[in-house]
Amino acid sequence: MSNRLLRSLPSIERLLERPLGSRLSAELGRDRVRDLLREITAELRDQLTRAPHSSANFQESLTEEVERMLARRAAECAQPSLRRVINATGVLIHTNLGRSPLARQAIEAVAEVGANYSNLEYDLSRGERGKRETHCQELLSRLAGSEAAVLVNNNAAAVMLVLNTLAEGGEVIVSRGELIEIGGSFRIPDVMTKSGATLREVGTTNRTRIADYQRAINDRTKLILRVHPSNYRIIGFTERPSVQEIAQLSLETGIPSFEDLGSGCLIDLSPYGVKDEPVVAESLKSGISVVSFSGDKMLGGPQAGVIAGSRKIIDQVRANPLMRALRVDKMTYAAFEATLRLYESNTADLEVPVIRAIALTREEIGRRANLFCESVNQSTNGEFTAKIEEGASVIGGGSAPEVKLPTMLVVLEHSALSSSSIVEGLRSYRIPIIARMERDRVLLDFRTVGQEEEDIILDAIKGIAQPAPQTAASV
Ligand SMILES: *Cc1c(COP(=O)(O)O)cnc(C)c1O
């Protein structure tokens with residue numbers, strides 16, 4: 001039986017000539033489709049040899065089965081690997097979901113500069129070769145309150161570059177309370193080793209005083225490092241020197257000080273309830289020699305790392321040969337500059353998506369969530385019930401772990417489906433929707449959902465209520 005079935009299967013070349021094969025060949029390329037057909041027929045042959053009875057499962061002919069599989073796989077191949085998703089988790093800077101979405105102005109700048117030639121390394125006033133580092137330099141310095149600034153690939157690169165530039169072959173003093181690990185295996189002690197500097201730990205996990213730093217200084221000391229403990233807090237019996245004390249010690253000893261700020265807010269977000277993220281300019285105003293921070297955390301720009309500080313140090317950093325390996329491309333400059341301009345014009349709270357989302361009130365979110373619940377309850381014939389509940393959004397991205405922004409959540413239930421099936425259904429939608437799952441309940445936090453995304457979520461929910469028939473023609 002199975003052999004007869006196998007023999008009924010047309011050759012791969014014949015399958016490629018059939019309507020589906022030739023249509024897909026035009027989309028994906030004939031070689032790719034041929035590979036897919038080889039994979040599929042090999043799998044089926046294997047399956048039929050091992051379990052001949054399974055042929056009974058093929059309701060129609062084997063050719064139709066092959067084509068059904070081909071259509072499904074081709075649809076998967078046609079999807080880009082990196083895709084847009086809808087973030088309904090309420091985690092604002094979700095590291096797994098690409099951190100900060102960019103402002104419209106940043107996207108436009110990327111499109112303009114990316115699609116055309118640009119003055120990336122060309123001095124338009126002199127008509128000769130220029131330096132890429134000049135872009136963003138003044139704007140960043142103004143916003144950070146520094147003499148100079150430079151952009152690199154991310155904050156991990158920034159930390160590495162500063163340590164290597166200022167402390168290679170010497171000692172760097174760090175508090176034991178600040179020997180942190182950021183997700184993705186970025187550990188201060190390891191970065192230190194790679195930079196060629198020696199770590200000189202002082203104090204204890206919970207308490208370090210300025211006197212501990214003073215005592216550790218010797219003629220090999222090249223730098224005093226302060227790290228913002230982004231993703232954790234030590235509470236209780238704790239002590240940590242202030243930025244001013246570190247800056248003062250640096251001034252007295254002539255040893256430069258460096259603060260890794262992590263997120264790096266350009267504006268004070270405490271009016272919105274984000275109280276424990278340091279403002280970049282404050283740190284530099286206190287007298288810290290150089291700071292570094294991320295471009296795509298609280299700042300809401302593209303992935304980048306900023307190094308800002310005294311002109312002398314920034315010039316040294318720029319002269320480091322590693323700079324060439326860590327520099328950013330034109331699209332990053334374009335997006336970063338456009339984002340910074342929004343801060344300069346004081347419109348970040350309206351235009352930068354992350355800041356706008358932080359600034360949303362529970363009432364605003366609640367109004368949208370309420371209307372959404374009504375739509376769900378009206379449009380799924382009672383299959384789904386959606387109701388409102390108070391909850392909290394978090395900053396995420398290893399920032400402000402204690403901050404809870406009050407929000408209104410949509411609680412989504414189905415008469416027959418389990419929470420995990422709902423979550424999975426949402427995730428496998430055309431535009432994947434990432435929901436929050438808490439105590440076995442499906443929650444949607446609209447703080448991180450754009451207004452124009454609500455209809456997409458509604459369509460996905462309706463689709464789960466009434467699954468579309470899966471036929472070769474519809475895939
Ligand atoms: C996030 C973070 C980093 C790493 O920044 P990336 O931009 O992700 O490379 C380094 N230090 C601190 C304190 C951080 O919070």
Side-chain angles (χ1 to χ4, degrees), residues 91-102 136 140 144 149-164 166-167 172 174-195 197 199 208 223-234 240 243 246 257-266 269 274 276-280 282-284 288 290-309 317 322-323 325-329 332-333 335-336 339-340 354 394-403:
V91 180
L92 285 152
I93 307 168
H94 201 305
T95 298
N96 304 139
L97 305 183
R99 287 197 180 157
S100 312
L102 293 175
C136 290
L140 250 181
V150 66
L151 212 57
V152 291
N153 194 38
N154 53 21
N155 189 29
V159 173
M160 177 75 156
L161 190 57
V162 172
L163 290 175
N164 179 264
L166 299 180
V172 179
V174 195
S175 160
R176 290 200 168 85
E178 298 174 6
L179 292 176
I180 57 162
E181 171 175 330
I182 311 292
S185 73
F186 177 87
R187 288 177 159 189
I188 291 291
D190 298 343
V191 175
M192 192 78 76
T193 310
K194 281 287 177 201
S195 73
L199 173 68
T208 306
L223 189 67
I224 305 168
L225 172 62
R226 190 178 203 264
V227 186
H228 178 60
S230 300
N231 49 8
Y232 76 102
R233 294 290 177 267
I234 297 175
R240 177 182 191 230
V243 186
I246 298 279
S257 53
F258 168 35
E259 187 170 25
D260 171 6
L261 292 168
S263 223
C265 298
L266 290 178
L269 293 173
V274 182
D276 50 0
E277 282 301 319
V279 176
V280 175
E282 294 294 316
S283 202
L284 288 164
I288 292 285
V290 60
V291 300
S292 76
F293 53 94
S294 291
D296 57 351
K297 289 185 180 170
M298 297 290 250
L299 200 150
Q303 178 190 304
V306 176
I307 304 171
V317 166
L322 274 178
M323 184 65 212
L326 303 175
R327 71 183 193 182
V328 301
D329 79 327
T332 303
Y333 275 116
F336 209 75
T339 309
L340 291 176
V354 169
V394 297
I395 303 289
S399 309
E402 284 178 308
V403 172

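Quantities reported herein were computed from a predicted structural model and do not represent experimental measurements. Both ligands and their constituent atoms are indexed starting at 1 by order of listing. The first residue in the sequence is number 1, and the count goes up from there.
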Determine whether the side chains of Asp329 and Thr332 contain a donor N or O and an acceptor N or O closer than 3.5 Å.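 Yes, Thr332 and Asp329 have a side-chain donor paired with an acceptor closer than 3.5 Å.
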For Pro189, all residues meeting side-chain contact (heavy atoms from CB on, under 4.5 Å), sequence neighbours excluded: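 With neighbours one apart ignored, the set is Leu179, Arg187, Leu199.
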Only counting residues at least two apart or in another chain, list the ones meeting side-chain contact (heavy atoms from CB on, under 4.5 Å) with Val191.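 Val191 satisfies side-chain contact (heavy atoms from CB on, under 4.5 Å) with Val159, Met160, Leu163, Phe186 only.
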Residues 292-309 side chain polar contacts: donor-acceptor under 3.5 Å, at least two apart:
unit_1: Ser292; atom_1: OG; unit_2: Asn155; atom_2: OD1; d: 2.9
unit_1: Asp296; atom_1: OD1; unit_2: Arg99; atom_2: NH1; d: 2.9
unit_1: Gln303; atom_1: NE2; unit_2: Asn153; atom_2: O; d: 3.2

With a 4.0 angstrom cut-off on heavy atoms, strictly below it, pick out the residues next to ligand 1 and order them by chain and number.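 Residues Arg99, Asn154, Asn155, Ala156, Ile180, Ile182, Phe186, His228, Ser230, Asp260, Gly262, Ser294, Lys297 each place a heavy atom under 4.0 Å from ligand 1, listed by chain and number.
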Student check: side-chain heavy atoms of Val243 and Arg226 closer than 4.5 Å: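 Answer yes - side chains close enough.
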If you compare all heavy atoms of Ile246 against all heavy atoms of Ser257, which two are closest, and at what distance to 0.1 Å?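 Ile246 and Ser257 have their closest heavy atoms at CG2-CB, 4.0 Å.
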